[in-house]
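Computed from a predicted model, the values in this text were never measured in an experiment. Here is the naming used below: chain letters follow the sequence lines, and residue numbers restart at 1 for every chain.
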Amino acid sequence: MDETTGAEAAGPDVPETPETPETRFEPLTALDLAELALGLAAVGVETVGRVVERVRPPSLVTGVVTGVVTAPVTATLTELGSRLRRADWAQELLQRGRSRRGELGRAAEVTAQRVAAVVVEAVLDLVDLTDIVVDHVDLDAVVHAVDLDRAVARVDIGAVIDRVDIDAIVERVDIDAIVERLDIDAIVARVDLDRAVSRVDIGAVIERLDIDAIVAGVDLDRAVSGVDIDAIVARVDLDRTVSGVDIDAIVGRVDIDAILDRVDVNAIAQRLDLDAVVARLDLIGLAEYVVEEIDLPGIIQSSSGAMASEGMREVRWQGVGADERVAHVVDRMLRRRPRTPGPALPANEIAGAPVLPGTPG
Amino acid sequence: MTTPSRPGRGPVSRIVLPGPARSVQGHRAGIVTRVAAGAVDLVVALLGVALMYSAWAGTIFLLGPQSFHFPDPGGLRLLLLVLGLLTAYLTVAWATTGRTFGNRLLGLRVVDDGGGTIGLARAFLRAAACVMFPIVLFWVVVSRENRSLPDVLLRTSVVYDWTSNGGRGAEPTATPRAIVLPQDD
(Lines give C-alpha, C1' and ligand atoms only; values in the text may rest on other atoms or scores of the structure.)
Protein backbone atom coordinates (compact mmCIF):
# COMPACT_ATOMS: atom_id res chain seq x y z
CA MET A 1 0.00 0.00 0.00
CA ASP A 2 2.95 2.13 0.73
CA GLU A 3 4.45 1.33 -2.69
CA THR A 4 1.21 2.16 -4.31
CA THR A 5 1.23 5.37 -2.41
CA GLY A 6 4.83 5.93 -3.57
CA ALA A 7 3.85 5.29 -7.15
CA GLU A 8 1.04 7.64 -6.83
CA ALA A 9 3.43 10.09 -5.18
CA ALA A 10 5.71 9.73 -8.18
CA GLY A 11 2.90 10.94 -10.30
CA PRO A 12 3.31 14.62 -9.34
CA ASP A 13 7.08 14.33 -10.04
CA VAL A 14 6.53 13.49 -13.65
CA PRO A 15 6.09 17.09 -14.85
CA GLU A 16 9.58 17.77 -13.51
CA THR A 17 11.33 15.23 -15.66
CA PRO A 18 11.42 17.24 -18.91
CA GLU A 19 13.49 19.88 -17.19
CA THR A 20 16.44 18.05 -15.61
CA PRO A 21 17.72 15.88 -18.54
CA GLU A 22 18.19 18.86 -20.74
CA THR A 23 21.19 19.99 -18.64
CA ARG A 24 23.24 16.72 -18.34
CA PHE A 25 21.98 14.31 -20.92
CA GLU A 26 20.61 14.41 -24.31
CA PRO A 27 17.20 15.94 -24.46
CA LEU A 28 14.13 13.80 -24.25
CA THR A 29 12.63 12.84 -27.51
CA ALA A 30 9.04 12.87 -28.26
CA LEU A 31 8.99 9.14 -27.90
CA ASP A 32 10.36 9.31 -24.36
CA LEU A 33 7.77 11.80 -23.47
CA ALA A 34 5.12 9.58 -24.89
CA GLU A 35 6.30 6.60 -22.86
CA LEU A 36 6.41 8.68 -19.75
CA ALA A 37 2.94 9.87 -20.39
CA LEU A 38 1.73 6.36 -20.97
CA GLY A 39 3.42 5.16 -17.71
CA LEU A 40 1.64 7.87 -15.86
CA ALA A 41 -1.54 6.89 -17.60
CA ALA A 42 -1.02 3.29 -16.57
CA VAL A 43 -0.68 4.36 -12.99
CA GLY A 44 -3.87 6.24 -13.36
CA VAL A 45 -5.58 3.31 -14.99
CA GLU A 46 -4.44 1.02 -12.21
CA THR A 47 -5.78 3.40 -9.69
CA VAL A 48 -9.03 3.45 -11.54
CA GLY A 49 -9.01 -0.36 -11.66
CA ARG A 50 -8.59 -0.58 -7.97
CA VAL A 51 -11.45 1.78 -7.54
CA VAL A 52 -13.54 -0.20 -9.93
CA GLU A 53 -12.64 -3.47 -8.17
CA ARG A 54 -13.79 -2.02 -4.92
CA VAL A 55 -17.05 -1.13 -6.54
CA ARG A 56 -17.19 -4.76 -7.96
CA PRO A 57 -18.71 -4.23 -11.35
CA PRO A 58 -19.77 -7.28 -13.36
CA SER A 59 -16.74 -9.52 -13.84
CA LEU A 60 -17.26 -9.59 -17.58
CA VAL A 61 -16.98 -5.84 -17.89
CA THR A 62 -13.91 -5.79 -15.67
CA GLY A 63 -12.21 -8.53 -17.63
CA VAL A 64 -12.91 -6.84 -20.93
CA VAL A 65 -11.65 -3.50 -19.77
CA THR A 66 -8.55 -4.92 -18.21
CA GLY A 67 -7.70 -7.18 -21.14
CA VAL A 68 -8.27 -4.54 -23.79
CA VAL A 69 -6.66 -1.61 -22.04
CA THR A 70 -3.92 -2.95 -19.83
CA ALA A 71 -1.91 -5.07 -22.30
CA PRO A 72 -1.19 -2.35 -24.91
CA VAL A 73 -0.66 0.22 -22.20
CA THR A 74 1.89 -2.01 -20.49
CA ALA A 75 3.82 -2.55 -23.71
CA THR A 76 3.86 1.10 -24.43
CA LEU A 77 5.04 1.93 -20.94
CA THR A 78 7.90 -0.56 -21.23
CA GLU A 79 9.17 1.15 -24.37
CA LEU A 80 8.70 4.57 -22.78
CA GLY A 81 10.57 3.46 -19.65
CA SER A 82 13.58 2.25 -21.66
CA ARG A 83 13.88 5.67 -23.16
CA LEU A 84 13.42 7.47 -19.88
CA ARG A 85 16.21 5.54 -18.14
CA ARG A 86 18.81 7.49 -20.10
CA ALA A 87 17.99 10.56 -18.09
CA ASP A 88 20.00 10.53 -14.95
CA TRP A 89 17.60 12.71 -13.13
CA ALA A 90 14.92 10.33 -13.89
CA GLN A 91 16.80 7.12 -12.97
CA GLU A 92 15.31 6.84 -9.56
CA LEU A 93 11.95 7.57 -10.91
CA LEU A 94 12.51 5.05 -13.66
CA GLN A 95 13.63 2.44 -11.17
CA ARG A 96 10.54 2.90 -9.22
CA GLY A 97 8.55 2.95 -12.40
CA ARG A 98 10.25 -0.30 -13.59
CA SER A 99 9.45 -2.16 -10.44
CA ARG A 100 6.05 -0.74 -10.57
CA ARG A 101 5.77 -1.92 -14.14
CA GLY A 102 6.77 -5.47 -13.13
CA GLU A 103 4.06 -5.51 -10.56
CA LEU A 104 1.67 -4.09 -13.05
CA GLY A 105 2.66 -6.84 -15.51
CA ARG A 106 2.07 -9.62 -13.04
CA ALA A 107 -1.21 -8.11 -11.95
CA ALA A 108 -2.17 -7.69 -15.58
CA GLU A 109 -1.29 -11.34 -16.25
CA VAL A 110 -3.46 -12.55 -13.36
CA THR A 111 -6.24 -10.32 -14.54
CA ALA A 112 -5.84 -11.61 -18.09
CA GLN A 113 -6.16 -15.19 -16.89
CA ARG A 114 -9.34 -14.40 -15.08
CA VAL A 115 -10.72 -12.58 -18.07
CA ALA A 116 -9.67 -15.40 -20.38
CA ALA A 117 -11.45 -17.98 -18.20
CA VAL A 118 -14.60 -15.90 -18.20
CA VAL A 119 -14.40 -15.25 -21.91
CA VAL A 120 -13.81 -18.92 -22.70
CA GLU A 121 -16.74 -19.93 -20.55
CA ALA A 122 -18.94 -17.41 -22.27
CA VAL A 123 -17.75 -18.56 -25.65
CA LEU A 124 -18.38 -22.20 -24.78
CA ASP A 125 -21.88 -21.28 -23.75
CA LEU A 126 -22.42 -19.92 -27.17
CA VAL A 127 -20.67 -22.68 -29.13
CA ASP A 128 -21.50 -26.43 -29.29
CA LEU A 129 -17.98 -27.73 -28.89
CA THR A 130 -19.03 -31.34 -29.38
CA ASP A 131 -20.38 -30.63 -32.84
CA ILE A 132 -17.22 -28.80 -33.73
CA VAL A 133 -15.02 -31.65 -32.56
CA VAL A 134 -17.13 -34.25 -34.34
CA ASP A 135 -17.21 -32.26 -37.54
CA HIS A 136 -13.61 -31.17 -37.73
CA VAL A 137 -11.53 -33.65 -35.72
CA ASP A 138 -10.36 -37.00 -37.18
CA LEU A 139 -11.02 -39.06 -34.07
CA ASP A 140 -9.58 -42.21 -35.62
CA ALA A 141 -6.29 -40.50 -36.27
CA VAL A 142 -6.28 -39.19 -32.72
CA VAL A 143 -6.96 -42.61 -31.28
CA HIS A 144 -4.19 -44.11 -33.41
CA ALA A 145 -1.80 -41.53 -32.10
CA VAL A 146 -2.56 -42.37 -28.48
CA ASP A 147 -0.33 -44.92 -26.75
CA LEU A 148 -3.11 -46.75 -24.93
CA ASP A 149 -0.82 -49.35 -23.40
CA ARG A 150 1.28 -46.72 -21.78
CA ALA A 151 -1.80 -44.90 -20.58
CA VAL A 152 -3.32 -48.03 -19.12
CA ALA A 153 -0.03 -48.85 -17.43
CA ARG A 154 -0.26 -45.58 -15.57
CA VAL A 155 -3.76 -46.31 -14.32
CA ASP A 156 -4.10 -47.61 -10.77
CA ILE A 157 -6.66 -50.29 -11.49
CA GLY A 158 -6.84 -51.30 -7.84
CA ALA A 159 -7.77 -47.82 -6.77
CA VAL A 160 -10.35 -47.63 -9.53
CA ILE A 161 -11.89 -50.90 -8.50
CA ASP A 162 -11.93 -49.84 -4.88
CA ARG A 163 -14.02 -46.88 -5.82
CA VAL A 164 -16.54 -48.95 -7.75
CA ASP A 165 -19.62 -50.16 -5.90
CA ILE A 166 -19.90 -53.57 -7.47
CA ASP A 167 -22.99 -54.50 -5.49
CA ALA A 168 -24.86 -51.52 -6.72
CA ILE A 169 -23.88 -52.29 -10.30
CA VAL A 170 -24.88 -55.93 -10.02
CA GLU A 171 -28.23 -54.99 -8.55
CA ARG A 172 -28.94 -52.92 -11.59
CA VAL A 173 -28.05 -55.71 -14.03
CA ASP A 174 -30.85 -57.82 -15.46
CA ILE A 175 -29.12 -61.19 -15.42
CA ASP A 176 -32.09 -62.97 -16.93
CA ALA A 177 -32.15 -60.72 -19.93
CA ILE A 178 -28.43 -61.21 -20.45
CA VAL A 179 -28.69 -64.94 -20.16
CA GLU A 180 -31.51 -65.06 -22.64
CA ARG A 181 -29.36 -63.24 -25.14
CA LEU A 182 -26.43 -65.62 -24.69
CA ASP A 183 -25.79 -68.35 -27.25
CA ILE A 184 -24.60 -70.95 -24.74
CA ASP A 185 -23.95 -73.54 -27.41
CA ALA A 186 -21.64 -71.27 -29.32
CA ILE A 187 -19.78 -70.35 -26.14
CA VAL A 188 -19.36 -73.94 -25.07
CA ALA A 189 -18.16 -74.90 -28.52
CA ARG A 190 -15.41 -72.31 -28.24
CA VAL A 191 -14.24 -73.42 -24.80
CA ASP A 192 -11.20 -75.66 -24.55
CA LEU A 193 -12.60 -77.84 -21.77
CA ASP A 194 -9.58 -80.09 -21.60
CA ARG A 195 -7.28 -77.22 -20.96
CA ALA A 196 -9.65 -75.71 -18.42
CA VAL A 197 -10.11 -78.98 -16.57
CA SER A 198 -6.35 -79.55 -16.51
CA ARG A 199 -6.00 -76.29 -14.63
CA VAL A 200 -8.52 -77.27 -11.96
CA ASP A 201 -7.21 -78.62 -8.67
CA ILE A 202 -9.70 -81.47 -8.29
CA GLY A 203 -8.34 -82.35 -4.88
CA ALA A 204 -8.93 -78.87 -3.52
CA VAL A 205 -12.42 -78.82 -5.02
CA ILE A 206 -13.30 -82.15 -3.45
CA GLU A 207 -11.95 -81.02 -0.10
CA ARG A 208 -14.31 -78.09 -0.17
CA LEU A 209 -17.31 -80.23 -1.04
CA ASP A 210 -19.62 -81.32 1.72
CA ILE A 211 -20.23 -84.80 0.37
CA ASP A 212 -22.55 -85.72 3.20
CA ALA A 213 -24.77 -82.76 2.52
CA ILE A 214 -24.82 -83.52 -1.20
CA VAL A 215 -25.65 -87.16 -0.67
CA ALA A 216 -28.35 -86.26 1.85
CA GLY A 217 -29.96 -84.09 -0.78
CA VAL A 218 -29.98 -86.77 -3.47
CA ASP A 219 -33.07 -88.89 -3.98
CA LEU A 220 -31.24 -92.12 -4.65
CA ASP A 221 -34.34 -94.14 -5.29
CA ARG A 222 -35.50 -91.77 -7.93
CA ALA A 223 -32.04 -91.60 -9.48
CA VAL A 224 -31.67 -95.37 -9.56
CA SER A 225 -35.11 -95.85 -11.00
CA GLY A 226 -34.05 -93.79 -13.98
CA VAL A 227 -30.93 -95.86 -14.63
CA ASP A 228 -30.97 -98.75 -17.07
CA ILE A 229 -28.89 -101.16 -15.02
CA ASP A 230 -29.05 -103.87 -17.65
CA ALA A 231 -27.60 -101.58 -20.27
CA ILE A 232 -24.77 -100.60 -17.95
CA VAL A 233 -23.95 -104.16 -17.07
CA ALA A 234 -24.00 -105.12 -20.73
CA ARG A 235 -21.40 -102.44 -21.43
CA VAL A 236 -19.06 -103.41 -18.59
CA ASP A 237 -16.05 -105.52 -19.51
CA LEU A 238 -16.12 -107.74 -16.46
CA ASP A 239 -13.15 -109.82 -17.54
CA ARG A 240 -10.97 -106.77 -17.81
CA THR A 241 -12.21 -105.44 -14.49
CA VAL A 242 -11.66 -108.72 -12.71
CA SER A 243 -8.19 -109.07 -14.21
CA GLY A 244 -7.26 -105.79 -12.56
CA VAL A 245 -8.33 -106.98 -9.13
CA ASP A 246 -5.67 -108.33 -6.80
CA ILE A 247 -7.57 -111.35 -5.53
CA ASP A 248 -4.67 -112.46 -3.38
CA ALA A 249 -4.60 -109.13 -1.56
CA ILE A 250 -8.35 -109.30 -0.98
CA VAL A 251 -8.21 -112.85 0.28
CA GLY A 252 -5.27 -111.92 2.46
CA ARG A 253 -7.44 -109.34 4.20
CA VAL A 254 -10.24 -111.77 4.87
CA ASP A 255 -10.34 -113.26 8.34
CA ILE A 256 -11.09 -116.84 7.36
CA ASP A 257 -11.12 -118.01 10.95
CA ALA A 258 -13.78 -115.48 11.91
CA ILE A 259 -15.88 -116.55 8.95
CA LEU A 260 -15.51 -120.21 9.77
CA ASP A 261 -16.45 -119.55 13.37
CA ARG A 262 -19.76 -118.19 12.13
CA VAL A 263 -20.38 -121.13 9.82
CA ASP A 264 -22.37 -124.05 11.16
CA VAL A 265 -20.50 -126.88 9.47
CA ASN A 266 -22.75 -129.48 10.97
CA ALA A 267 -25.82 -127.84 9.50
CA ILE A 268 -24.15 -127.74 6.13
CA ALA A 269 -23.12 -131.37 6.40
CA GLN A 270 -26.67 -132.36 7.24
CA ARG A 271 -27.92 -130.64 4.14
CA LEU A 272 -25.40 -132.38 1.90
CA ASP A 273 -26.70 -135.23 -0.23
CA LEU A 274 -23.61 -137.38 0.00
CA ASP A 275 -25.33 -140.22 -1.76
CA ALA A 276 -25.89 -138.04 -4.81
CA VAL A 277 -22.23 -137.03 -4.75
CA VAL A 278 -21.05 -140.60 -4.48
CA ALA A 279 -23.42 -141.66 -7.22
CA ARG A 280 -21.79 -139.18 -9.53
CA LEU A 281 -18.29 -140.47 -8.82
CA ASP A 282 -16.65 -142.95 -11.15
CA LEU A 283 -15.45 -145.12 -8.31
CA ILE A 284 -14.36 -147.93 -10.58
CA GLY A 285 -12.32 -145.60 -12.73
CA LEU A 286 -10.87 -143.97 -9.65
CA ALA A 287 -9.90 -147.33 -8.20
CA GLU A 288 -8.27 -148.36 -11.45
CA TYR A 289 -6.36 -145.10 -11.54
CA VAL A 290 -5.12 -145.59 -7.97
CA VAL A 291 -4.08 -149.18 -8.63
CA GLU A 292 -2.27 -148.15 -11.78
CA GLU A 293 -0.43 -145.35 -10.00
CA ILE A 294 0.68 -147.23 -6.93
CA ASP A 295 1.64 -150.41 -8.84
CA LEU A 296 -0.48 -152.67 -6.70
CA PRO A 297 0.81 -155.85 -8.37
CA GLY A 298 4.32 -154.73 -7.47
CA ILE A 299 3.24 -154.24 -3.88
CA ILE A 300 1.67 -157.69 -3.73
CA GLN A 301 4.78 -159.16 -5.29
CA SER A 302 6.94 -157.32 -2.80
CA SER A 303 4.94 -158.50 0.13
CA SER A 304 6.69 -161.86 0.01
CA GLY A 305 10.15 -160.31 0.12
CA ALA A 306 9.63 -157.11 2.03
CA MET A 307 6.48 -157.32 4.06
CA ALA A 308 5.84 -160.96 4.73
CA SER A 309 8.94 -161.72 6.76
CA GLU A 310 9.40 -159.55 9.77
CA GLY A 311 12.44 -161.65 10.67
CA MET A 312 14.11 -161.06 7.34
CA ARG A 313 13.51 -157.35 7.67
CA GLU A 314 15.13 -157.44 11.06
CA VAL A 315 18.13 -159.30 9.62
CA ARG A 316 18.49 -156.71 6.88
CA TRP A 317 18.20 -153.89 9.35
CA GLN A 318 20.82 -155.41 11.56
CA GLY A 319 23.03 -155.84 8.51
CA VAL A 320 22.70 -152.19 7.64
CA GLY A 321 23.58 -151.20 11.16
CA ALA A 322 26.59 -153.53 11.16
CA ASP A 323 27.79 -152.02 7.90
CA GLU A 324 27.63 -148.58 9.39
CA ARG A 325 29.46 -149.55 12.54
CA VAL A 326 32.29 -151.26 10.65
CA ALA A 327 32.62 -148.31 8.31
CA HIS A 328 32.64 -145.93 11.25
CA VAL A 329 35.35 -147.88 13.04
CA VAL A 330 37.49 -148.15 9.93
CA ASP A 331 37.12 -144.46 9.20
CA ARG A 332 38.23 -143.62 12.71
CA MET A 333 41.18 -145.96 12.44
CA LEU A 334 42.20 -144.36 9.15
CA ARG A 335 41.69 -140.91 10.76
CA ARG A 336 39.41 -139.65 8.04
CA ARG A 337 35.97 -138.24 7.82
CA PRO A 338 33.02 -140.65 7.94
CA ARG A 339 32.37 -142.05 4.53
CA THR A 340 29.32 -141.16 2.54
CA PRO A 341 28.76 -144.09 0.25
CA GLY A 342 25.66 -142.56 -1.18
CA PRO A 343 23.70 -144.02 -4.03
CA ALA A 344 25.17 -146.17 -6.74
CA LEU A 345 26.74 -143.65 -9.06
CA PRO A 346 30.13 -143.10 -10.68
CA ALA A 347 32.92 -142.29 -8.28
CA ASN A 348 33.49 -138.82 -9.68
CA GLU A 349 29.92 -137.87 -8.75
CA ILE A 350 29.94 -139.26 -5.26
CA ALA A 351 32.34 -136.60 -3.99
CA GLY A 352 29.80 -133.87 -4.64
CA ALA A 353 26.26 -133.49 -3.55
CA PRO A 354 24.29 -136.70 -3.46
CA VAL A 355 22.84 -137.48 -6.85
CA LEU A 356 20.06 -139.92 -7.32
CA PRO A 357 20.50 -142.95 -9.49
CA GLY A 358 19.02 -142.72 -12.89
CA THR A 359 19.75 -139.04 -13.26
CA PRO A 360 21.85 -138.10 -16.27
CA GLY A 361 25.53 -137.39 -15.93
CA MET B 1 23.36 -152.56 -20.24
CA THR B 2 19.72 -152.63 -19.38
CA THR B 3 17.30 -149.81 -18.92
CA PRO B 4 18.08 -147.62 -15.95
CA SER B 5 16.20 -148.42 -12.82
CA ARG B 6 15.94 -147.02 -9.36
CA PRO B 7 16.77 -149.81 -6.97
CA GLY B 8 14.82 -149.60 -3.79
CA ARG B 9 13.49 -146.07 -4.36
CA GLY B 10 10.31 -146.60 -6.25
CA PRO B 11 6.76 -146.18 -4.98
CA VAL B 12 6.74 -149.77 -3.79
CA SER B 13 9.51 -149.09 -1.32
CA ARG B 14 7.71 -145.95 -0.20
CA ILE B 15 4.68 -148.02 0.68
CA VAL B 16 6.01 -151.28 2.00
CA LEU B 17 9.19 -150.19 3.76
CA PRO B 18 9.48 -148.53 7.16
CA GLY B 19 10.78 -145.01 7.26
CA PRO B 20 14.31 -145.62 8.49
CA ALA B 21 14.81 -148.39 5.90
CA ARG B 22 13.61 -146.16 3.08
CA SER B 23 16.38 -143.69 3.83
CA VAL B 24 19.12 -146.18 2.97
CA GLN B 25 17.54 -147.69 -0.11
CA GLY B 26 19.86 -147.27 -3.07
CA HIS B 27 22.93 -146.58 -0.95
CA ARG B 28 25.99 -148.76 -1.41
CA ALA B 29 26.07 -151.59 1.10
CA GLY B 30 28.85 -152.20 3.59
CA ILE B 31 31.09 -155.18 4.18
CA VAL B 32 28.93 -157.00 6.72
CA THR B 33 25.86 -157.46 4.60
CA ARG B 34 27.89 -158.27 1.52
CA VAL B 35 29.93 -160.92 3.30
CA ALA B 36 26.80 -162.31 4.82
CA ALA B 37 25.16 -162.44 1.39
CA GLY B 38 28.25 -164.10 0.00
CA ALA B 39 28.17 -166.65 2.76
CA VAL B 40 24.56 -167.41 2.05
CA ASP B 41 25.37 -167.78 -1.63
CA LEU B 42 28.21 -170.07 -0.73
CA VAL B 43 25.86 -172.15 1.32
CA VAL B 44 23.49 -172.22 -1.60
CA ALA B 45 26.30 -173.38 -3.84
CA LEU B 46 27.28 -176.02 -1.30
CA LEU B 47 23.69 -177.16 -1.07
CA GLY B 48 23.57 -177.29 -4.82
CA VAL B 49 26.70 -179.37 -4.98
CA ALA B 50 25.28 -181.57 -2.24
CA LEU B 51 22.12 -181.92 -4.21
CA MET B 52 24.06 -182.80 -7.29
CA TYR B 53 26.10 -185.30 -5.32
CA SER B 54 22.93 -186.81 -3.91
CA ALA B 55 21.44 -187.04 -7.35
CA TRP B 56 24.60 -188.62 -8.65
CA ALA B 57 24.71 -191.11 -5.78
CA GLY B 58 21.01 -191.85 -6.19
CA THR B 59 21.50 -192.55 -9.85
CA ILE B 60 24.35 -194.97 -9.06
CA PHE B 61 22.19 -196.67 -6.44
CA LEU B 62 19.38 -197.15 -8.85
CA LEU B 63 21.68 -198.56 -11.51
CA GLY B 64 23.34 -201.07 -9.17
CA PRO B 65 22.04 -201.36 -5.72
CA GLN B 66 24.20 -204.41 -4.88
CA SER B 67 27.45 -202.75 -5.79
CA PHE B 68 26.41 -199.33 -4.47
CA HIS B 69 28.89 -197.19 -2.69
CA PHE B 70 29.09 -193.46 -2.34
CA PRO B 71 31.10 -191.96 -5.13
CA ASP B 72 34.30 -190.19 -4.21
CA PRO B 73 34.83 -187.30 -6.58
CA GLY B 74 37.88 -186.10 -4.69
CA GLY B 75 38.37 -182.89 -2.76
CA LEU B 76 39.79 -180.82 -5.60
CA ARG B 77 37.07 -181.85 -7.94
CA LEU B 78 34.44 -181.00 -5.38
CA LEU B 79 36.03 -177.64 -4.71
CA LEU B 80 36.13 -176.88 -8.42
CA LEU B 81 32.56 -177.99 -8.70
CA VAL B 82 31.51 -175.76 -5.86
CA LEU B 83 33.39 -172.77 -7.27
CA GLY B 84 32.10 -173.42 -10.77
CA LEU B 85 28.55 -173.77 -9.62
CA LEU B 86 28.87 -170.67 -7.46
CA THR B 87 30.30 -168.70 -10.38
CA ALA B 88 27.52 -169.79 -12.69
CA TYR B 89 24.92 -169.10 -10.07
CA LEU B 90 26.21 -165.61 -9.36
CA THR B 91 26.57 -164.83 -13.04
CA VAL B 92 23.04 -165.80 -13.90
CA ALA B 93 21.57 -164.14 -10.85
CA TRP B 94 23.38 -160.82 -11.26
CA ALA B 95 22.79 -160.68 -15.02
CA THR B 96 19.07 -161.32 -14.73
CA THR B 97 17.64 -159.89 -11.53
CA GLY B 98 20.77 -158.37 -10.08
CA ARG B 99 20.42 -160.33 -6.90
CA THR B 100 21.25 -163.80 -5.65
CA PHE B 101 19.46 -165.58 -2.84
CA GLY B 102 21.92 -164.16 -0.38
CA ASN B 103 21.40 -160.69 -1.84
CA ARG B 104 17.67 -161.11 -1.55
CA LEU B 105 17.93 -162.28 2.01
CA LEU B 106 20.10 -159.36 3.01
CA GLY B 107 18.23 -156.85 0.81
CA LEU B 108 21.02 -156.16 -1.69
CA ARG B 109 21.19 -155.72 -5.44
CA VAL B 110 24.05 -155.51 -7.89
CA VAL B 111 23.60 -152.60 -10.28
CA ASP B 112 25.63 -150.63 -12.75
CA ASP B 113 26.34 -146.91 -12.51
CA GLY B 114 22.98 -146.14 -14.01
CA GLY B 115 21.10 -148.23 -11.46
CA GLY B 116 20.21 -151.02 -13.89
CA THR B 117 21.26 -154.63 -13.95
CA ILE B 118 24.71 -155.43 -15.25
CA GLY B 119 25.23 -157.37 -18.43
CA LEU B 120 26.14 -161.05 -18.69
CA ALA B 121 29.81 -160.40 -19.42
CA ARG B 122 30.29 -158.10 -16.49
CA ALA B 123 28.30 -160.44 -14.30
CA PHE B 124 30.60 -163.32 -15.23
CA LEU B 125 33.78 -161.34 -14.72
CA ARG B 126 32.53 -160.08 -11.40
CA ALA B 127 31.44 -163.52 -10.27
CA ALA B 128 34.74 -165.09 -11.29
CA ALA B 129 36.70 -162.43 -9.46
CA CYS B 130 34.62 -162.78 -6.33
CA VAL B 131 34.79 -166.58 -6.35
CA MET B 132 38.50 -166.94 -7.09
CA PHE B 133 39.72 -164.00 -5.04
CA PRO B 134 37.22 -163.37 -2.29
CA ILE B 135 39.72 -161.14 -0.60
CA VAL B 136 39.06 -158.43 -3.18
CA LEU B 137 35.64 -158.04 -1.62
CA PHE B 138 37.19 -156.56 1.50
CA TRP B 139 38.32 -153.46 -0.31
CA VAL B 140 34.87 -152.32 0.66
CA VAL B 141 36.17 -151.78 4.16
CA VAL B 142 38.72 -149.26 2.98
CA SER B 143 36.82 -147.70 0.10
CA ARG B 144 35.11 -144.46 0.92
CA GLU B 145 32.45 -145.39 -1.59
CA ASN B 146 31.87 -148.92 -0.26
CA ARG B 147 33.19 -150.41 -3.49
CA SER B 148 35.09 -153.65 -3.82
CA LEU B 149 37.86 -154.04 -6.37
CA PRO B 150 35.56 -155.74 -8.90
CA ASP B 151 33.13 -152.88 -8.39
CA VAL B 152 35.87 -150.37 -9.13
CA LEU B 153 37.14 -152.27 -12.17
CA LEU B 154 33.75 -153.14 -13.63
CA ARG B 155 31.97 -149.97 -12.50
CA THR B 156 29.31 -151.82 -10.58
CA SER B 157 27.78 -151.27 -7.16
CA VAL B 158 26.01 -153.28 -4.52
CA VAL B 159 23.18 -151.27 -3.03
CA TYR B 160 20.48 -151.77 -0.43
CA ASP B 161 17.24 -152.73 -2.14
CA TRP B 162 14.69 -154.32 0.13
CA THR B 163 12.03 -154.57 -2.50
CA SER B 164 11.66 -157.73 -4.50
CA ASN B 165 11.60 -156.10 -7.89
CA GLY B 166 13.63 -152.96 -8.27
CA GLY B 167 13.51 -150.87 -11.33
CA ARG B 168 9.80 -150.14 -11.39
CA GLY B 169 7.84 -147.14 -10.29
CA ALA B 170 8.20 -143.39 -10.46
CA GLU B 171 11.36 -141.36 -10.46
CA PRO B 172 12.47 -140.35 -6.98
CA THR B 173 11.79 -136.75 -6.15
CA ALA B 174 13.96 -136.24 -3.08
CA THR B 175 17.62 -136.70 -2.32
CA PRO B 176 18.44 -139.61 -0.05
CA ARG B 177 18.55 -138.85 3.61
CA ALA B 178 21.35 -139.77 5.94
CA ILE B 179 21.60 -143.36 7.07
CA VAL B 180 19.86 -143.92 10.37
CA LEU B 181 21.48 -146.41 12.63
CA PRO B 182 19.18 -148.92 14.28
CA GLN B 183 18.85 -149.04 18.00
CA ASP B 184 21.70 -150.88 19.71
CA ASP B 185 19.46 -152.92 21.94
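Using a 4.5 Å cut-off between heavy atoms, B:Ser143 touches chain A through its backbone atoms (N, CA, C, O) alone. Looking at B:Ala36, there are no atoms closer than 4.5 Å to chain A (heavy atoms on both sides), in backbone or side chain. The contact between B:Val140 and chain A is made entirely by backbone atoms, counting heavy-atom distances below 4.5 Å.
Here A:Arg325 contributes atom CZ and B:Ile31 contributes atom CD1; the two are 16.0 Å apart, rounded to the nearest 0.5 Å.
Closest of all the heavy-atom pairs between A:Asp323 and B:Val32 is OD1-N, 2.7 Å. A:Arg316 approaches B:Trp162 most closely through the heavy-atom pair NH1-O, 3.0 Å.
A:Leu272 CG: more than 12 foreign heavy atoms inside a 6.0 Å radius. Within a 6.0 Å radius of CZ in B:Phe124, other residues, nucleotides and ligands contribute 12 heavy atoms or fewer.
Here A:Val330 is the residue among A:Val330, A:Asp331, A:Val329 with the most heavy-atom pairs under 4.5 Å with chain B.
Contact residues of residues 56-79 of chain B toward chain A are absent (heavy-atom distance under 4.5 Å). Contacts with chain B (heavy atom to heavy atom, under 4.5 Å) involve these residues of residues 332-339 of chain A, listed by number: A:Leu334, A:Arg336, A:Arg337, A:Pro338, A:Arg339.
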